[in-house]
Amino acid sequence: MRMPGNFARDSSTAAQLKSNEKGHLGVSIFSEILDIKLPYSTIIDYAHASLLRHSKSMFVEIYRRLSPVIRATIDIALSQQPFPHFFHRRMKSFKDLSFIKATEIRNILFYGFLPIFHQHLQHDYLGHFALYICAMRLFHGRAILGPRTSDIANDLIMKYYQDFSSFYDGLENFVLHLHSHYERQYRMYGTFSHLGSFGQESLIGYIGSNRTGTTHHGDNICENYGIDLMLHHQIENLYSYTNIVDGPFDPDLNFDFKSNDSIIDFYNAECNCKSITCCLRAFRRYAVKQRIYHSLIYKHRQKSVSYFVRYCSKNNSTSCLFGKILMFFKFSNSNSTYALIEQYSAQGLFSDLFISTTYYELLSKAIDHLFYVVSKKCSLCHDVVIVSQLSEHCIVFDCEEYHIITPVSSYDEHD
Ligand SMILES: [Zn+2]
Ligand SMILES: [Zn+2]
């Protein structure tokens with residue numbers, strides 16, 4: 001395991017001998033400036049350190065080890081995978097890695113890698129990289145494992161770092177070491193989805209191209225930050241300034257309620273008026289907190305999949321279920337909106353894949369909360385759920401014998 005001491009020794013050797021020591025060419029000028037420890041002195045930007053540097057070099061290395069036939073299969077799966085409509089970028093095939101964007105690497109790392117590669121890599125090798133994927137997802141999203149989320153993420157990342165040299169040569173570099181500071185950073189500044197530097201890069205770029213004849217860029221940026229902060233404090237409810245209002249929209253006036261037994265049963269239990277067609281109204285889409293869910297009766301969704309969701313069960317709010325939203329509906333005399341869902345039941349645990357590896361115990365603490373193995377056959381009767389039970393959009397990977405489903409990690413990251 002390469003530690004700070006090794007990095008320091010390698011760089012001073014390189015400086016003395018004017019040589020290349022494991023990628024070090026000399027002592028960095030930052031070694032004098034940064035006399036306060038990471039991450040107290042500087043925030044490590046995960047998009048640069050983890051996505052553009054570490055993950056990208058790992059993808060190159062893993063891809064290199066595959067046979068040409070498997071590479072081709074994987075490239076097709078990566079480039080054709082659908083995502084929810086609000087993803088501005090999806091995934092790129094590995095043969096185009098030199099042109100890849102950080103968001104595309106994030107999508108591969110967080111969502112696509114395990115479902116697409118799990119049938120092509122040896123389990124202990126895959127298990128080792130899964131440690132990294134799970135850790136990064138835990139650092140990135142909301143605290144799905146409660147107050148212990150960052151502890152577990154750190155256990156995963158440190159095991160990954162420790163065992164790294166038994167799987168790879170020459171990649172154990174400084175960016176990998178930076179990951180050992182992530183837990184502290186998470187405790188101090190929160191989830192990584194709020195720490196990206198791309199929003200700031202956009203703002204600086206915007207100022208760069210819209211400045212009017214000044215050379216005082218620094219002052220300009222500060223002023224704009226000031227205005228931005230002030231506006232955010234002034235506007236009580238940002239959502240009210242957009243066109244999207246929470247609730248169902250896009251009504252389907254021709255929906256045939258009598259064709260669906262689950263709706264008829266639900267209607268009979270809830271309402272005793274005379275006519276189901278007068279009483280219920282159907283909708284194609286539904287918005288909540290600027291998130292829009294589609295249903296299968298919404299025909300303009302193109303290739304996006306925003307109708308596959310995770311939702312909580314009525315009786316037990318800790319257990320989660322998966323399904324496709326067929327449509328939304330509302331009673332004329334009430335404000336609650338309901339979703340009609342075609343349910344897909346769980347079929348084993350994703351961690352079972354790693355049962356023979358040394359990583360099983362550690363991985364199973366996190367991986368079964370991030371990746372779900374779900375049957376390809378839907379259950380016979382449909383579920384009617386109130387929309388507040390919907391928890392998030394899911395990305396669904398179509399494997400031969402099952403679906404692998406993973407929920408969206410964060411909704412509010414700059415894309
Ligand atoms: Zn360090
Ligand atoms: Zn009624």
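Start at 1 and go down the list; that is how both ligands and their atoms are numbered.
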Ion pair check, Asp155 and Lys159, cut-off under 4.0 Å: no

Contacts of the Zn ion (ligand 2) with protein N/O/S atoms, counting only those under 2.8 Å: Cys271 SG, Cys273 SG, Cys279 SG

Under-4.0 Å salt bridge between Arg281 and Asp252: no

Flag side-chain contact, heavy atom, 4.5 Å: Tyr168 against Ile62: yes

Ring centroid separation Phe397 to His403 under 6.0 Å: no

Over all atoms of both residues, closest heavy-atom pair of His123 and Phe354: O-CD2, 3.7 Å

CA sep, side-chain torsions, deciding dist, call: Arg187, Asp151, salt bridge (charged side-chain N to carboxylate O under 4.0 Å, His left out): CA-CA 10 Å; Arg187 286 184 185 278; Asp151 285 337; 2.6 Å; yes

